Amino acid sequence: MAVRSRPIIRALLIDISGTLMIGSTPTQRAVRALAELRRSGFPFRFCSNTSKESTSVLQKRMVDAGFEVQTGESPELWTSLKAVQSLIRTRGLRRPYFLLSEPAKDECISAGLYDADVPYDAVIVGLAPALFDYDHLNSAFRILVGEDDSQKGWNEDPKASIPLIALHKARYIESSGHGLALGPGPFVAALENATEREAEVLGKPSKGFFETVIESLDCEGHDPEGCIAVIGDDIQTDLGGGAIELCLWRILVKTGKYRAGDESRDGVHAPDEVCDSFAEFVESLLSARFSKQ
Ligand SMILES: *[C@@H]1O[C@H](CO)[C@@H](O)[C@H](O)[C@H]1NC(C)=O
Ligand SMILES: *[C@@H]1O[C@H](CO)[C@@H](O)[C@H](O)[C@H]1NC(C)=O
């Protein structure tokens with residue numbers, strides 16, 4: 001169902017979990033739809049807020065589910081973990097406190113600056129169900145307010161400078177086979193509330209994240225005419241924030257964590273289009289393109 005009439009679309013940003021696949025199962029006809037999109041030469045990128053698994057584990061899960069994913073020079077898969085790695089490097093962070101799953105943490109540490117002998121200099125939070133308890137959250141809180149033992153005796157006022165960084169702030173997620181489950185958002189909010197500051201959000205839907213992904217498309221010299229579209233199952237995490245600021249064409253799919261009425265809930269910016277599935281959107285995109293030629 002098109003809410004407004006669709007403009008010319010020049011590239012597509014694709015959410016993975018809930019849109020392309022749920023757990024390790026592709027959504028209906030998604031594998032074929034993606035293959036058709038690729039065959040038609042239509043530019044696209046995968047965008048994931050994944051913080052539970054590393055980029056390479058996610059990529060393997062996609063490939064195992066039947067999707068082709070290009071790596072190398074211009075990788076197609078963009079995750080918030082990649083964004084964190086580049087932030088660790090540009091800010092020169094040497095010892096973040098990670099509330100992250102093991103594989104995600106390893107990926108961040110491989111940014112190469114980690115030094116266990118200096119005081120904690122950041123708190124980085126992603127989806128880490130095993131660590132979301134009082135002790136871990138309290139450690140994060142104490143680091144943010146400069147009360148951690150590692151920070152004692154260092155000259156600088158640690159409190160002023162320790163950033164709270166969130167990979168994303170999804171309030172809840174769709175866990176495969178178990179329905180809705182708590183995301184990292186409420187835990188980040190607890191730290192924000194206790195420290196009276198706002199987290200920097202690196203992944204979707206931050207403007208910076210979308211801009212980086214779009215730049216990677218533009219680098220390939222694609223036609224700059226037309227709109228960039230973004231497709232996902234979460235009206236806020238996938239299609240909110242930066243997607244609105246950058247005037248992307250926003251398509252909500254009715255798979256994954258979508259629940260009836262999400263598109264017209266109070267306080268949400270209504271999507272430009274609502275589709276039953278990723279495949280349905282791709283089919284209509286390609287047939288519109290074909291009929292124009
Ligand atoms: C990321 O957001 C999507 C919504 O598109 C959600 O389905 C998914 O579970 C989230 N992933 C994590 C790791 O929180
Ligand atoms: C923290 O949460 C309480 C309860 O909701 C609220 O009254 C207070 O304004 C919040 N403080 C901050 C700094 O967000």
Side-chain angles (χ1 to χ4, degrees), residues 49-52 80-81 83-84 87-88 90-91 93 95-101 104-105 108 119-152 154 156-175 178-211 232-246 257-259 261-270:
N49 55 11
T50 186
S51 57
K52 205 172 54 187
S80 34
L81 276 169
V84 174
L87 178 128
I88 289 176
T90 53
R91 300 248 184 110
L93 297 176
R95 193 183 178 199
Y97 181 75
F98 295 109
L99 287 177
L100 290 180
S101 66
K105 181 176 156 180
C108 287
Y120 285 113
D121 55 6
V123 170
I124 299 182
V125 188
L127 185 64
L131 306 180
F132 287 156
D133 54 31
Y134 184 83
D135 284 346
H136 287 93
L137 288 167
N138 189 42
S139 297
F141 165 74
R142 289 172 52 82
I143 289 164
L144 290 168
V145 296
E147 292 274 316
D148 186 75
D149 287 345
S150 74
Q151 297 162 323
K152 304 252 160 79
W154 289 71
E156 286 170 67
D157 172 16
K159 191 174 164 181
S161 52
I162 310 255
L164 170 59
I165 297 161
L167 270 70
H168 64 96
K169 279 177 79 179
R171 288 178 298 144
Y172 53 85
I173 59 169
E174 170 80 21
S175 67
H178 303 287
L180 300 181
L182 273 176
F187 299 91
V188 174
L191 292 171
E192 290 179 321
N193 183 284
T195 58
E196 297 192 298
R197 67 169 92 176
E198 256 180 61
E200 296 173 42
V201 183
L202 286 189
K204 283 190 301 182
S206 74
K207 188 176 170 199
F209 180 80
F210 285 126
E211 280 173 336
D233 66 324
D234 184 324
I235 184 81
Q236 284 173 319
T237 311
D238 297 327
L239 309 181
I244 300 168
E245 281 175 71
L246 295 167
K257 71 162 97 159
Y258 173 86
R259 296 292 184 267
D262 276 359
E263 63 274 37
S264 48
R265 277 204 322 249
D266 278 352
V268 305
H269 202 292

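Whatever order the structure lists them in is the order used to number ligands and atoms, beginning at 1. Note that the numbering runs from 1 along the sequence shown for the chain. As the structure is a computational prediction, the values presented were derived from the model and not from experiment. Side chains are part of it too, since the values below use all heavy atoms of this structure and drop only hydrogens, waters and symmetry mates.
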Any protein heavy-atom neighbour for atom 14 (O) of ligand 2 (distance below 4.0 angstrom)? yes
Is there a side-chain contact between E263 and Y258, using heavy atoms and a 4.5 Å cut-off? yes
Could you check whether any side-chain heavy atom of F141 comes within less than 4.5 Å of a side-chain heavy atom of L191, counting everything from C-beta outward? yes
With a 4.5 Å limit on heavy-atom distance, are the side chains of D148 and P119 in contact? no
Nearest protein heavy atom to atom 7 (O) of ligand 2: under 4.0 Å? no
Pair D262 + R265: basic N to acidic O under 4.0 Å: yes
Please confirm whether N193 comes within less than 3.5 Å of ligand 2 when only nitrogen or oxygen atoms on both sides are compared. yes
Atom 10 (C) of ligand 2 touched by protein (heavy atom, under 4.0 Å): yes
